Every structure is written in structure tokens, then in C-alpha cells.
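Chain naming here is simple, since letters A, B, ... match the order of the sequence lines and numbering starts at 1 in each. All of these numbers come straight from a predicted model, not from anything done at the bench.
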Amino acid sequence: MDEQTTQDLSVQSDEALLNDQMAVRRAKLERLIQEGRNPYELGIVPTHTARQVVEAFDRWNGEQVALAGRLRAMRIHGGATFADLHDSSGRIQLFVRLDAVGQQAYEAFKDLDLGDIIGVRGVVFRTKRGEVSVEVQEFDLQAKALRPLPEKWHGLKDIEQRYRRRYLDLTVNPDSRRVFLLRSQVVAAIRRLLNERGFIEVETPMLHPIPGGANARPFETYHNALDMPLYMRIAPELYLKRLLVGGFDKVFEIGKNFRNEGISTKHNPEYTSLEAYQAFADYEDMMVLTETLISEVAREVLGTTVIQYQGREIDLTPPWERISMLEAIEKYTGIDFEAAAGREIEVAKAAGVRLPDNATPGQAILETFEQKVEEHLIQPVFVTDHPVDVSPLAKRRKDNPRFTERFEPYINGWEIANGFSELNDPIDQRLRFEEQVRKREAGDDEAHFMDEDFLEALEYGMPPAGGLGIGIDRLVMLLTDSPSIRDVILFPHMRPKGHA
RNA sequence: GAGCCCGUAGCUCAGUCGGUAGAGCACCGGACUUUUAAUCCGGGUGUCCUGGGUUCGAAUCCCAGCGGGCUCACCA
């Protein structure tokens, strides 16, 4: 094992000579190995975190503690050296004195490189300048860093490098750490809030024989043993509704969806959604759940329901405004689609709305909304009552079957969620699928497929239910003031490229 | 997919009209026993994204490509 390691290193060291700093680190590594030391071994195990010691100094003052983390700065003053140790909780200063540790250990400490991962044992004290520190009694090297870290002051700014080498971004950019910690807290809070309300969390397939539950182009793959094509899921919806059929009345799933579509500051090919379904409820109930969830999450992770996004104040405090899609269109464009019933397509085109060739009346309304209205919806608002032909899984309105009991909350001009009273009439659902199949045959490759297996489930009886989907990434963008979805995804997709 | 912008040292960035490649941090050598962006003295460590072209001469101008960002388009 050790021989193997040594061998590999010597092979690599030739190419590493490209960079003086890497050469120095390789040389130190090889010297340690020759001295019989393993520079990648677990040694001193931390008993405390930096934050614990700093925040409860009075409790630990004079006590011996063990800490472990990454060496991030060194200030050498002859026989005394200060260093900054960063662990997952924060930063703490180390103090090493020649007189205290002896010549050999002192030289070894100075020989460490910034970025090395070390363990230390020492006594907590406060320096003359008032900084809580640990006077090191012993230390060990637990991972030699062979590459230099980005600069401590400016951090890693290059956006491409921050995405490609997120570990460096997380190491040196505190704001990036903050975003992903907050993302974790958002997901945890959603889970807890739903659990408190009696929802159970489930996991449904990512690999679908028939991609369904959304209008989107799927990624295709292939299962060798079954000898059949499979699709990465574009939404978990149809499986979660099968669980309603099965008698789970409140279910939710948090997980990835995959859509084989464009990439932008608001779109990543794989993204995380929450979908929740509640039996014996309708879209009104789900709107309340939506505004409650999002505002409670904000309160929990940010301590407020009034947030700042890119310099704009957004008030997430419920209740949110509700407006039907037709009302919203009339409010912002003056177009009255109620009065224009039967002439939707020509009216939309006259207003300068771009439409696909085979657009349906509902598409004309939806496109008008998306192209003319969306951008105005900054403060949270539920847009409701979407046309039935663009809502193939939603229940029709009792008072007007051309529209559905559906809602989409908009915040900052973004569609942040989507929900409706779930269509549980298998006869109507079949008609909707047949309409989608016609669209697909007419060239719409985002139209739904016929899903006989799902229809069969509905035929056994699905309770009336409300459903809700929230885009977690966009929600996290809002809550963390992040301008790009890639800022809230740890490893966003990039074209492959050799290391810079 | 289209338009605009960007790519120089490990990192952050300068680089004028086309004339020997620069700074800060980091790094290397030296001094320094309470500093904290430590300080002081000395040292520039480079595939100027890649490949062509123009030119006596290209980081710089032109063409193509690669990668990235933003805005559109598609979408959540």
C-alpha cells in the first residue's frame, strides 16, 4: 500500500513540476514518506469545533481541546507562529511557540503548507490582542495539500472555476457555504412542516417506462436486462397519484426531475422539486399550503418573511393575492379573452404574441400570459384557472369546463410552483390524454404520452385531491438572493473541459 | 439554437498606438517569540485558451475552434 502510494507519486511528480508551488508540496510529501510518516492518516480526532471554543471561551479557557481542519493562514514571527485553522464550524487562531513544543515540532509546523488538513491538541487562551486562540501542544498532518488554494482575500471569483471546482468555492468563499447550508435548511424545514401536517414522504421511480406528469422532453436511457427503453422522470406526479389510489392520503416527494431542455439562469437539466398530494382537498387548500410552506420556511431559515432579492424587496407574508389568468391578462394587457372566446388565437397574434403553428385556444391564452404578464408579477400572487387544454391533469372548473381549478404562484416574475385539484375522473383523463397524443402526433414533442397503466389506476377510484409542486432551486435562489440557479446547485452541468 | 461580452502567473487583476510579460496575494531564500490581509530585505515562478493568418515583429489585429458569462428563444 505504501509502496504503491510512493510509486504513483513519483510518476505524477514529473508533470507536477509545471508549477513551483506544487513541486514544493510534492517534495515535502515525499520527504515525509521517506521519514516513515503517512501524510494521509487519521490522527488527532477533534473534541471541539472552532465555533464552540470561540463562542464559549469562558467555558473552555485553560482547557485542553482537540481541533481539526484546514490550515488557511500562517504568520511566522521567529520563535512564535500564529495560524488560522478553518473547520466546518468556522475559524480559530492557533498559536505555536518554539519554547513550548521544541525545535523539531516547531520546524515541522512551519513546514506545513496552507491548505493542509491537520489535527491539533492544545490549551485555549486569549491573546494580548484579545483573540481566542489555542496554544498548540501537539499537531499532526492528516491530509497533505498538493495544490495551493485560491487567494484568501479575493477568494475564487472565476464563475466557471467556482462551478467546476465547487470544493474550492466552498473552501474559500463563505457566501457559497452560506447558500448551501441554507439550501439544506430549506429542505429540512419543508420536510418537517409537511411531516407535522401528517404527510408521509415517499420515493417513486426516477426511471419511467412512460415519461409523464409534465410537458417536457425527457432524457432517454436503456435497461439492458429488461431490454427496454426507459426515460428519466420529468415529474413524479403520476406515481404519487397512484399512491392516493392506494390509500395514502397525504404524500410528498422531494427529488430530482430531469428535462432535456435548455440551460439558463433559471433552468438546469436536473432540478429538485417538492410534490405533495392531499386527498379530500382541492386547489384552494393547496394554495393555503403553498403560501404557508414558503413563508414558514423563510421565517425559519431567514427569520423574516420579507426578503431582498437583487435589491428588490419581496413580501412573502400570507395570504398572497389571487387572480385568475384571464383577469391577470386583462389587468396587464387590456385583452379580454372572456369576450374573445372562440377568437383566442387571432386576438393573441394581434397583440404580438408568438404562437406555434398548431396552437390551441388555451395555448394562445397561456402564451399571452407568459409573454405579456409574467414579468410584472413580482410580489407573490396566485394565478389561477388555467385553460383546460394546457392543464391535462387538472380538474375542470364546475362553473366553466374550459378552465381548470389550477394555480401557479408567481414571485419575482418566476413560476415558483404549480398545483391543482387533481383530475380523478378516468373518463375525462382518457380524453385529455387522447388530446395530448393528437398534439404529439402533430409534432409537439413535449405533449403527454397515453398512460394506460395510470388510467387503470384511476379506474379503481382516486379520491378527490389537491396537488402541489414547488421548484426548490428557484425557492432557494429567492431566499439566498442568488442570481443564477447554478449558484444554488452544488455541481451544475458544464461542458467537459480539461483542468485549467 | 441566435446575439453581445470574456479567457494573461496557483488566485485576483493590469497590460496604452503592434515593439523584451506586469502588480498584489500565494510561493522560494533571509530577519523576526503576541500576530491577525503581520512586517522588513531579496527573488517573477507564464502553453498570454487552442490552431491558423497578417506583419520585420502579435497577449494586442484578422479568421476558425474550444470553454465560460449575460440576454433572447425553449422551459419549471
Whole-angstrom distance between B/C17 and B/U55, as gauged at atom C1': 15 Å

Touch class at under 4.0 angstrom, heavy-atom based, for A/E408 against every strand present: nothing

Any residue meeting side chain to side chain contact (heavy atoms under 4.5 Å, CB included) with A/K152, in chain and number order, not counting sequence neighbours: A/R72

Salt bridge (charged side-chain N to carboxylate O under 4.0 Å, His left out) partners of residues 264-277 of chain A, not counting sequence neighbours, each pair once: A/K256-A/E270

Separation between the P atoms of B/G18 and B/A76, rounded to whole Å: 50 Å

Rounded distance in Å between the C1' positions of B/A38 and B/C5: 40 Å

Name of the residue among A/Y231, A/F449, A/Y239 meeting ring pair (Phe, Tyr, Trp, His ring centres under 6.0 Å) with A/H208: A/Y239

Integer-rounded Å distance: B/C11 C1' and A/I159 CD1: 16 Å

Separation between the P atoms of B/U60 and B/A9, rounded to whole Å: 15 Å

Sugar-phosphate only, base, or nothing, as touched by A/T81 at under 4.0 Å among non-hydrogen atoms: nothing

NZ/NE/NH1/NH2 to OD/OE distance under 4.0 Å, A/E435 and A/R438: yes

Qualifying side-chain hydrogen bond (donor to acceptor under 3.5 Å, both in side chains) pairs, either residue in residues 284-295 of chain A, two or more places apart: A/E291-A/R322

Toward the 5' end of RNA chain B, by each residue's nearest nucleotide, A/S484 or A/R259: A/S484

Base-pairing mate for B/U16 - Watson-Crick or G-U, with both contacts under 3.5 Å: none

Sugar-phosphate, base or nothing in reach of A/G262, heavy atoms under 4.0 Å: base

A/D389/A/R432 ion pair, N-O < 4.0 Å: no

Donor-acceptor pair, side chain of A/Y106 and main chain of A/A80, under 3.5 angstrom: yes

Stretch residues 357-373 of chain A: residues that reach within less than 4.0 Å of RNA chain B through a heavy atom: none

Touch class at under 4.0 angstrom, heavy-atom based, for A/R217 against every strand present: nothing

Distance between P atoms of B/U47 and B/C11 (Å, rounded): 12 Å

A/E405 with A/K395: basic N within carboxylate O range, under 4.0 Å: no

ring centroid sep under 5.5 Å plus plane angle under 30, A/W414 with B/A76: no

side-chain N/O A/T265 vs B/C70 OP1/OP2, d < 4.0 Å: no

Distance in angstrom units between A/E375 CD and B/U71 P, rounded: 14 Å

Along RNA chain B (nearest heavy atom to each residue), the more 5'-positioned of A/M494 and A/K266: A/M494

Presence of salt bridge, A/E422 and A/K241, under 4.0 angstrom: yes

A/L156 CG to B/A26 C1', straight-line distance once rounded to whole Å: 14 Å

Between N or O atoms, less than 3.5 Å apart, protein on one side and nucleotides 35-39 of chain B on the other: list the pairs.
residue, atom, partner, partner atom, Å
B/U35, OP2, A/R129, NE, 2.4
B/U35, OP2, A/R129, NH1, 3.4
B/U35, OP2, A/R129, NH2, 2.3
B/U35, O5', A/R129, NH2, 3.3
B/U35, O4', A/H77, NE2, 3.4
B/U35, O2', A/H77, NE2, 3.2
B/U35, O2, A/R75, NE, 2.7
B/U35, O2, A/R75, NH2, 3.3
B/U35, O2, A/Q93, OE1, 3.1
B/U35, N3, A/Q93, OE1, 2.8
B/U35, N3, A/Q93, NE2, 2.9
B/U35, O4, A/Q93, NE2, 2.8
B/U35, O4, A/T127, OG1, 2.8
B/U36, OP2, A/R129, NH1, 3.2
B/U36, O4', A/R75, NE, 3.1
B/U36, O2, A/R91, NH2, 3.4
B/U36, O2, A/Q93, OE1, 3.4
B/U36, O2, A/E131, OE1, 2.4
B/U36, N3, A/E131, OE1, 2.5
B/A37, O3', A/K152, NZ, 3.4
B/A37, N1, A/W153, NE1, 3.1
B/A38, OP1, A/K152, NZ, 2.5
B/A38, OP2, A/R75, NH1, 3.2
B/A38, N6, A/I76, O, 2.6
B/A38, N1, A/H77, ND1, 3.2

Nearest-Å distance for atom pair CZ/P, residues A/R162 and B/G69: 11 Å

A/F219 CZ to A/L207 CG distance, which is reported to the nearest 0.5 Å: 13.0 Å

Reading 5' to 3' through nucleotides 1-8 of chain B, protein heavy-atom contacts under 4.0 Å coded B for base, S for sugar-phosphate only, - for none: --------

A/R162/A/D169 salt bridge by N-O under 4.0 Å criterion: yes

Spacing between A/E107 atom CD and B/U33 atom P, to the nearest angstrom: 13 Å

Spacing of the P atoms in B/U45 and B/U39 (rounded, Å): 23 Å

Verdict with supporting geometry, A/M325 and A/T384, side-chain contact (heavy atoms from CB on, under 4.5 Å): CA-CA 6 Å; A/M325 183 169 280; A/T384 65; over 6 Å; no

Candidate nucleotides B/A76, B/A73, B/U34, ranked by approach to the side chain of A/F125 - the nearest: B/U34

Atom-pair distance (NZ on A/K110; C1' on B/U33), nearest Å: 11 Å

Closest approach of A/S88 to A/R177 (non-hydrogen atoms, all atoms of both residues): O-NH2, 3.3 Å

Sidechain-backbone polar pair: A/D87 side chain, A/A50 backbone, donor-acceptor under 3.5 Å: yes

Sugar-phosphate, base or nothing in reach of A/N215, heavy atoms under 4.0 Å: sugar-phosphate

Sugar-phosphate only, base, or nothing, as touched by A/G155 at under 4.0 Å among non-hydrogen atoms: sugar-phosphate

Sugar-phosphate, base or nothing in reach of A/N268, heavy atoms under 4.0 Å: base

Length of the line joining A/L71:CG and B/C27:P, which is rounded to integer Å: 10 Å

Touch class at under 4.0 angstrom, heavy-atom based, for A/Y163 against every strand present: sugar-phosphate

Interatomic distance where CD belongs to A/Q161 and P belongs to B/C13 [whole Å]: 12 Å

Atom C1', compared across B/G67 and B/G51: separation rounded to whole Å: 15 Å

Paired nucleotide for B/A2 [Watson-Crick or G-U wobble; both distances under 3.5 Å]: B/U71

Partner nucleotide of B/U36 by Watson-Crick or wobble geometry (both distances under 3.5 Å): none

